[in-house]
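Everything on this sheet refers to the single structure shown next.
Note on naming: letters A, B, ... go to the chains in the order of the sequence lines (proteins, then strands), and numbering restarts at 1 for each one.
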2 protein chains.
Amino acid sequence: MVIISLDLQSESPIYIQLRNKIIEGIASKQLRPGDPLPSVRTFAQDLGVNMHTVNKAYQLLKQDGFIQIHRQKGVVINPDGMPSVDGNYLANVRENLRPVISESVCRGMNKEELMKLIQEVYEEIQKGGEHDDLH
Amino acid sequence: MVIISLDLQSESPIYIQLRNKIIEGIASKQLRPGDPLPSVRTFAQDLGVNMHTVNKAYQLLKQDGFIQIHRQKGVVINPDGMPSVDGNYLANVRENLRPVISESVCRGMNKEELMKLIQEVYEEIQKGGEHDDLH
DNA sequence: TTATCTGTTATATTAATTATAGAACAGTTA
DNA sequence: TAACTGTTCTATAATTAATATAACAGATAA
């Protein structure tokens, strides 16, 4: 299993953090299509949070096609592959990036510095999966 | 003045939207250092929101050094220049970018496509300031 | 069959956040 | 004096986030 640490003092809700951590796990290939995820109850206990908080994160991931939920097999990373980059997603991510990029422009970052930053984070994410498989 | 439109149905709070719009205005050079901003009361009336909501956005911008607030001159874009890219900000923006980039990786974007997207948004922001000055 | 696990749903409560409202204060400006 | 400025205080309503408890339906293992 992937070790997931939550920041209970963070401004972003626990169920959002959990959703993001799982997505980061997939991006870094620590989690691969078909891999099982813990049940809502055991995961909640492991993380020290409520069952419904985990369920909320699972519902988001299911809704976007990142996971499948079967009453029999439990929860798995979608074996049929990940959701694609459609127009809806693109418009969304643009809106999210706009204020972030705007602020870095205000603070004096030029295009090259911004690109370098993005590239660093990009490689940092991939690097996270270069350890021994933990699942 | 810069025309600002708020989405009252958005998931992100009004005062955050307003903060971001002003930052986007600075990034696109529609707002320049020294430019005045409306008083909390008149801005609130123009936007159709409460005075305290505008004040909250102003406090955030002041706290980060984007604006200055004088009891005499009112509110102005910081004439002494914008805040810089310090370690604190860098660590912060990295944390914000991490889940966004992770999801695009999951969805099959490669580094080049991601870079192109960033570049497009970057130029879209600059393009916003290429109209006649509205202030 | 019984017991135990699974996801799911429903209801309830608590705490925190968001947005609004009205009032007042201190200072500046016309 | 009158009208404006930012700021602060108190209060309220609505929404969101997190927890808690219970129950249901289905699958699984003893």
note = Taking every heavy atom of Ser10(A) against every heavy atom of Ser12(A), the minimum-distance pair comes out as OG-N, 3.0 Å

task = Sequence neighbours left out, what passes side-chain contact (heavy atoms from CB on, under 4.5 Å) with Val105(A)? Give chain and number order.
result = Ile101(A), Ala27(B), Tyr122(B)

remark   = Heavy-atom closest pair (Tyr15(A) atom, Thr53(A) atom, distance to 0.1 Å) is CB-O, 3.5 Å

note = With both pairing distances under 3.5 angstrom for Watson-Crick or G-U wobble, and | for a partner in another strand, the correct string for DNA chain C is |||||.|||||||||||||||||||.||||

ask   = Is the closest side-chain heavy-atom distance between Ile4(B) and Asp46(B) below 4.5 Å?
value = no

Residue list, salt bridge (Lys or Arg N to Asp or Glu O under 4.0 Å) with Glu120(B), at least two apart or on another chain = Arg94(A)

inquiry  = Could you check whether any side-chain N or O of Glu24(A) sits under 3.5 Å from a backbone N or O of Ile125(A), counting only pairs where one atom can act as donor and the other as acceptor?
reply    = no

Counterpart residues, salt bridge (Lys or Arg N to Asp or Glu O under 4.0 Å), relative to Arg107(A) (two or more places apart) = Glu103(A)

Partner set under side-chain contact (heavy atoms from CB on, under 4.5 Å) for Asn96(B), not counting sequence neighbours = Asn92(B)

request  = For DNA chain C, note the earliest and the latest nucleotide, 5' to 3', having some atom under 4.0 Å of a heavy atom belonging to chain A.
outcome  = dT6(C) to dA10(C)

remark   = Applied to residues 50-64 of chain A, the salt bridge (Lys or Arg N to Asp or Glu O under 4.0 Å) test, sequence neighbours excluded, yields Arg19(A)-Asp64(A)

query = With the sugar-phosphate defined as primed atoms, P, OP1 and OP2, and the base as all remaining atoms, what B/S/- string results for nucleotides 1-12 of chain D, 5' to 3', for protein heavy atoms under 4.0 Å?
reply = ----BBBBB---

message = Could you check whether any side-chain heavy atom of Asn78(B) comes within less than 4.5 Å of a side-chain heavy atom of Leu61(B), counting everything from C-beta outward?
response = no

inquiry  = Using OP1 and OP2 only, check whether a side-chain N or O of Asn50(A) sits under 4.0 Å from dA18(D).
reply    = no

query = So which residues get pulled into Val76(B)'s cluster when ILVMFWY side chains under 4.5 Å apart are joined, directly or through others?
reply = none

ask   = Among residues 6-23 of chain A, which residues get a heavy atom nearer than 4.0 Å to DNA chain C?
value = none

task = Just jot down the side-chain contact (heavy atoms from CB on, under 4.5 Å) partners of Ser28(B), sequence neighbours excluded, or say none.
result = Gln30(B)

ask   = Sequence neighbours excluded, which residues qualify as salt bridge (Lys or Arg N to Asp or Glu O under 4.0 Å) partners of Lys111(B)?
value = Glu123(A)

inquiry  = Looking at Thr53(A), I'd like to know whether one of its side-chain N or O atoms comes within less than 4.0 Å of OP1 or OP2 on dT19(D).
reply    = yes

